[in-house]
Amino acid sequence: QVQLVESGGGLVQAGGSLRLSCAASGEAFRWRAMAWFRQAPGKEREFVSTISWSGGTTYHTDSVKGRFTISRDNAKNTVYLQMNSLKPEDTAVYYCASGAKVGVHPWEYDYWGQGTQVTVSS
């Protein structure tokens with residue numbers, strides 16, 4: 001079965017940090033790009049970051065550059081999103097996704113986790 005399970009979300013004050021984890025089954029992880037998207041209430045799902053299989057290519061949306069870092073541990077089938085200097089506008093449900101290639105659109109990914117809530121208080 002294909003599974004992606006996010007964890008690490010929670011409530012944090014502005015300026016704080018969280019590390020999200022996404023544990024994936026082999027089918028959804030091996031030889032695949034991984035990504036993080038987020039969705040706030042009433043908003044479209046938004047690209048946050050992606051990483052290639054090798055880890056050699058990463059992209060972050062401008063609003064999180066310098067604050068968020070995506071990484072992966074292929075021995076553990078796990079992708080991470082380290083989030084520093086969090087802002088209230090980062091509040092959203094964060095979703096882990098798997099795709100054949102790195103991309104910035106939700107439709108470029110074919111496996112998704114159920115999401116983890118991140119709330120940043122001011």
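Quick caveat, the model's predicted, so the values are computed rather than measured.
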Transitively linked via ILVMFWY side-chain contacts under 4.5 Å: [X] with [Y]?
X      : Y      : answer
Tyr95  : Val102 : yes
Val104 : Tyr59  : yes
Leu81  : Phe29  : yes
Val79  : Trp112 : no
Ile51  : Trp53  : yes

So which atom in [X] and which in [Y] form the shortest heavy-atom distance, rounded to 0.1 Å?
X      : Y      : result
Glu6   : Gly115 : OE1-N, 2.9 Å
Ser121 : Leu11  : CB-CD1, 4.4 Å
Met34  : Ala28  : SD-O, 3.4 Å
Val118 : Gly9   : CG2-CA, 4.2 Å
Val2   : Glu27  : CG2-CB, 4.0 Å
Ala14  : Ser122 : CB-CA, 4.4 Å

> Got a salt bridge between Lys87 and Asp90, using NZ or NE/NH1/NH2 to carboxylate O under 4.0 Å?
Replying inline: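 Salt bridge between Lys87 and Asp90, a charged N being under 4.0 Å from a carboxylate O: no.
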>> Quiz question: by atom type and distance under 3.5 Å, do the side chains of Tyr111 and Ser25 form a donor-acceptor pair?
In response: no
>> Under the rule for ring-ring contact (aromatic ring centres under 6.0 Å, His included), what residues qualify as partners of Tyr94, not counting sequence neighbours?
In response: none
If you measure from [atom1] on [X] to [atom2] on [Y], what distance do you get to the nearest 0.5 Å?
X     : Y      : atom1 : atom2 : result
Leu86 : Thr119 : CG    : OG1   : 10.5 Å
Cys96 : Gln114 : SG    : CD    : 12.0 Å
Arg30 : Asn77  : CZ    : CG    : 7.0 Å
Trp31 : Ser52  : CH2   : OG    : 12.0 Å
Met83 : Arg19  : CE    : CZ    : 11.5 Å

Between [X] and [Y], is any pair of side-chain heavy atoms under 4.5 Å apart?
X     : Y      : answer
Trp36 : Phe47  : no
Thr91 : Arg38  : no
Thr50 : Glu108 : no

>> Here's a test for you: under side chain to side chain contact (heavy atoms under 4.5 Å, CB included), which of Leu18, Val48, Leu20 qualifies with Phe68?
In response: Val48
> When you look at CD of Glu89, are more than 12 heavy atoms from neighbouring residues, nucleotides or ligands closer to it than 6.0 Å?
Replying inline: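 Yes, the 6.0 Å shell around CD holds more than 12 heavy atoms from other groups.
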